[in-house]
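Following: one structure in structure tokens, then a few remarks.
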Amino acid sequence: MTQPQHAARTIITIEHAGEHVDSTVTIQGWLYNQRESGKLLFPIFRDGTGVLQGVVSQKEQPEAFEALKGLTRESSVIVTGTVRAEARAAGGFEMHISGVEVVHRVSDSEPYPIQPKEHGVDFLLDRRHLWIRTPRQAAILRIRAEVERAARNYMDGQGYTLTDAPVFTPAACEGTSTLFEVNYIDDQKAYLTQSGQLYVEATAAALGKVYTFGPTFRAEKSKTRRHLTEFWMLEPEAAYAHLEDMMQLGEGLVSAVVRSVVKNRPRELATIQRDVAKLEKIVPPFPRVTYDEAIKVLQKAGNPAKWGDDFGGDEETIISKEFDTPVIIHRYPAAMKAFYMATDEQRPELSLSFDMIAPEGYGEIIGGGERQSNYETLLKRLREHNLPEESFQWYLDLRRYGSVAHAGFGLGLERTVAWICGTEHIREVIPFPRMLYRVYP
RNA sequence: UCCCCGGUAGCUCAAUGGUAGAGCAUUCGGCUGUUAACCGAAGGGUUGCUAGUUCGAAUCUAGCCCGGGGAGCCA
């Protein structure tokens with residue numbers, strides 16, 4: 001409106017505002033909030049990269065003042081002004097506004113529903129498509145993107161090749177109770193994958209060191225802050241690899257990801273007020289305890305756990321509180337692990353498995369281990385678990401043709417991001433969470 | 001599936017058997033350095049639904065619906 005028609009504009013994003021002090025620039029964004037003080041307005045703009053306070057006086061910039069006065073929250077605006085260092089403004093910079101173009105004005109009769117104050121979870125989740133505009137949510141999503149980028153960089157750097165796994169699968173990977181069933185072509189049944197692992201075992205035999213990274217689905221009726229029905233998993237698998245190799249890869253991956261977030265997303269970590277000192281402590285090697293030792297730690301802490309019990313959230317928290325970094329628990333009893341897990345030759349009652357537990361009570365972020373490479377043993381396990389042999393013939397082929405020791409793990413992306421961000425709930429770290437009884441928006 | 005907690009104005013909550021309220025948001029007015037600005041005024045309600053107890057129910061009882069947290073299971 002008040003912008004000169006033919007002026008050459010320097011369009012910047014708010015994250016770079018500090019590089020343009022004392023020059024006139026233009027930002028394209030939305031009105032996040034506005035305070036009025038008589039003949040002064042203090043609008044706060046956001047553009048997805050950050051927020052920037054503006055200031056405009058009625059006396060000095062009457063046109064810009066009128067354009068902004070009474071403007072509704074989340075109206076889209078293109079604003080031109082001079083960036084000044086300003087200690088009184090949040091973030092340390094402020095824009096002295098000279099031109100305002102209101103691109104779209106939010107109606108007075110239907111004001112933007114999300115206010116800069118406390119809201120209930122249900123209300124926010126119903127409006128997740130708008131909630132993600134909130135600076136805190138936007139910062140979390142940018143950190144998630146950094147985690148994904150850093151994880152892929154690390155895996156690629158370690159010589160692993162990304163091999164995407166299918167989402168439709170013919171049968172369960174571990175059991176049948178937790179699968180989403182879908183009608184495939186001509187009344188054939190298919191399921192949404194709960195893990196890409198079986199497929200990555202095949203591609204590992206083809207390419208050596210591989211990983212898959214994609215969505216997985218669990219139809220479990222879990223209603224907790226650690227569960228989603230649709231979540232993303234990064235699953236490496238390597239031929240000729242053993243348990244020890246995967247424990248090292250896991251701690252290398254997790255610490256590289258954390259380091260990358262600390263280095264590349266300091267603004268976002270500040271926005272969400274994450275204690276960065278805690279993240280800076282995440283350096284390999286991570287402490288390792290065997291299942292046997294973990295039981296002793298629990299009993300010492302007064303927990304009634306006994307050998308053979310699986311660990312729930314309480315048990316994980318007790319163990320993880322002993323350390324500042326994630327902790328690896330390895331060699332769980334074979335009975336509590338999946339049919340494809342290899343067993344310890346020295347102690348056949350143990351599986352060559354490991355979990356990585358995040359600090360601060362965020363629970364298991366990695367689960368994996370060495371796979372059963374012997375045809376006869378694997379077939380026996382399949383039958384013991386009452387799994388449909390027909391559906392697993394291709395998987396058994398991997399043990400018929402050049403079977404080798406191999407190992408891998410699955411890293412839960414959302415639990416990892418939730419821990420790195422310190423969020424209350426895992427649902428905040430995925431753009432559109434899918435949870436029990438919630439598929440909208 | 002089981003256990004626990006909750007549902008009152010657009011939002012966050014108060015009212016524990018006796019006239020349904022506050023803050024924020026919205027509208028109007030005031031304020032030249034605000035930080036979820038502040039000050040004044042106005043509008044805004046089938047207290048999740050159904051039945052019951054009672055002179056009287058947001059409040060007590062039963063059933064149902066919806067949501068949250070946890071268990072199991074897992075990343």
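Being a predicted model, the structure only gives us computed values, none of them experimental. By convention in this document, chain letters (A, B, ...) are assigned in the order of the sequence lines, proteins followed by strands, and residues within each chain are numbered from 1.
Each of A:R35, A:E86, A:Q34, A:R88 was scored for a side chain to side chain donor-acceptor pair (under 3.5 Å) with A:Q53, with one residue passing: A:R35.
If you measure from atom CD of A:E60 to atom C1' of B:rG33, you get 13 Å, rounded to the nearest angstrom. Across the protein-nucleic acid pair, A:Q58 atom CD and B:rG33 atom C1' stand 16 Å apart, rounded to whole Å. Atom CZ of A:R226 is separated from atom C1' of B:rG72 by 11 Å (rounded to the nearest Å). Following rounding to the nearest Å, A:R144 (CZ) and B:rA75 (P) show an atom-to-atom distance of 17 Å. What separates CD of A:Q34 from C1' of B:rU34 is a distance of 11 Å, to the nearest Å. Between the C1' atom of B:rG72 and the CG atom of A:D314 lies a distance of 13 Å, rounded to the nearest Å. Distance A:E315 CD to B:rG70 P: 15 Å, rounded to the nearest Å.
If you look at A:F392 and A:F339, their ring centroids are closer than 6.0 Å. The ring of A:F286 has its center no closer than 6.0 angstrom to the ring center of A:F323.
Applying the side-chain contact (heavy atoms from CB on, under 4.5 Å) test to A:E15 and every residue at least two apart in sequence or in another chain returns A:T13, A:T49, A:R142, A:R267. Among residues two or more places apart in sequence or in another chain, the ring pair (Phe, Tyr, Trp, His ring centres under 6.0 Å) test is passed with A:F180 by none. For A:N153, the side-chain contact (heavy atoms from CB on, under 4.5 Å) test picks out A:R149, with sequence neighbours left out. Residues passing the salt bridge (Lys or Arg N to Asp or Glu O under 4.0 Å) test with A:K59, sequence neighbours excluded: none.
Looking at A:E349, its side chain never comes within 3.5 Å of a backbone N or O of A:A334 through a donor-acceptor pair.
For A:S222 and B:rC74, a side-chain-to-base donor-acceptor distance below 3.5 Å is absent, hydrogens and geometry of angles not being considered.
Paired runs in RNA chain B that reach 3 or more consecutive Watson-Crick or G-U pairs, where each pair keeps both distances under 3.5 Å, cover B:1-7 with B:65-71, B:10-13 with B:21-24, B:26-30 with B:38-42, B:48-52 with B:60-64.
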A:M356 and A:V327: side-chain contact (heavy atoms from CB on, under 4.5 Å), yes or no, with the steps? CA-CA 6 Å; A:M356 186 187 290; A:V327 54; over 6 Å; no
Are A:S351 and A:T343 close enough, and set up right, to give a side chain to side chain donor-acceptor pair (under 3.5 Å), and what steps lead you there? CA-CA 4 Å; A:S351 61; A:T343 51; over 6 Å; no
Verdict with reasoning, A:S107 to A:S109, per side chain to side chain donor-acceptor pair (under 3.5 Å): CA-CA 5 Å; A:S107 158; A:S109 59; 2.7 Å; yes
Audit row: A:F231, A:T216, side-chain contact (heavy atoms from CB on, under 4.5 Å) steps and yes/no: CA-CA 5 Å; A:F231 66 98; A:T216 52; 3.3 Å; yes
Considering only distance and modelled atom types, tabulate donor-acceptor pairs under 3.5 Å from the side chains of residues 408-423 of chain A, sequence neighbours left out.
from: A:E414; atom 1: OE1; to: A:W232; atom 2: N; distance (Å): 2.9
from: A:E414; atom 1: OE2; to: A:R144; atom 2: NH1; distance (Å): 2.9
from: A:E414; atom 1: OE2; to: A:R144; atom 2: NH2; distance (Å): 3.2
from: A:E414; atom 1: OE2; to: A:W232; atom 2: N; distance (Å): 3.3
from: A:R415; atom 1: NE; to: A:R226; atom 2: O; distance (Å): 3.1
from: A:R415; atom 1: NH1; to: A:E364; atom 2: O; distance (Å): 3.0
from: A:R415; atom 1: NH2; to: A:R226; atom 2: O; distance (Å): 3.3
from: A:T416; atom 1: OG1; to: A:G412; atom 2: O; distance (Å): 2.7
from: A:T423; atom 1: OG1; to: A:H425; atom 2: O; distance (Å): 3.1

Sequence neighbours excluded and cut-off under 3.5 Å, please list the side-chain donor-acceptor pairs for residues 430-437 of chain A, or say none.
from: A:R434; atom 1: NH1; to: A:P441; atom 2: O; distance (Å): 3.1
from: A:R434; atom 1: NH2; to: A:P441; atom 2: O; distance (Å): 3.1

Within the sub-3.5 Å range, which N or O atoms of nucleotides 12-14 of chain B have a protein N or O partner, and how far apart are they?
from: B:rU12; atom 1: OP1; to: A:G120; atom 2: N; distance (Å): 2.7

Heteroatom pairs (N/O) under 3.5 angstrom, protein to nucleotides 64-67 of chain B:
from: B:rG67; atom 1: OP1; to: A:Y437; atom 2: O; distance (Å): 3.4

Please produce a list of atom pairs where a protein N or O lies less than 3.5 Å from an N or O of nucleotides 40-47 of chain B.
none

Between the protein and nucleotides 28-31 of chain B, list the N/O to N/O atom pairs that are separated by less than 3.5 angstrom.
from: B:rC31; atom 1: N3; to: A:G38; atom 2: N; distance (Å): 3.0

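A side-chain N or O of A:S195 and one of A:E235 form a donor-acceptor pair less than 3.5 Å apart. Between the side chains of A:Y340 and A:E201, no donor-acceptor pair of N or O atoms lies under 3.5 Å.
A 6.0 Å sphere centred on CD of A:E424 holds no more than 12 heavy atoms belonging to other residues, nucleotides or ligands. Open room surrounds CD on A:E60; 12 or fewer heavy atoms of other groups in view lie less than 6.0 Å from it.
A cation-pi arrangement is present between A:R128 and A:W131 under the rule of less than 6.0 angstrom and at most 45 degrees off the ring axis.
An OP1 or OP2 oxygen of B:rG69 is reached within less than 4.0 angstrom by a side-chain nitrogen or oxygen of A:H425. Distances shown here put every side-chain N or O of A:R127 at or beyond 4.0 Å from the OP1 or OP2 atom of B:rG10. In this structure, A:R225 reaches the B:rG70 phosphate: one of its side-chain N or O atoms is under 4.0 Å from OP1 or OP2.
If you take atom P in B:rG68 and the same atom in B:rG33, they sit 46 Å apart, rounded to whole Å.
Residue contacts shown for A:E414 are absent, as no nucleic acid heavy atom lies under 4.0 Å away.
Contacts of residues 353-370 of chain A with RNA chain B (heavy atom under 4.0 Å): A:E364, A:I365, A:I366, A:G367.
Side chain of A:E316, nearest nucleotide from B:rC74, B:rG33, B:rA71: B:rC74.
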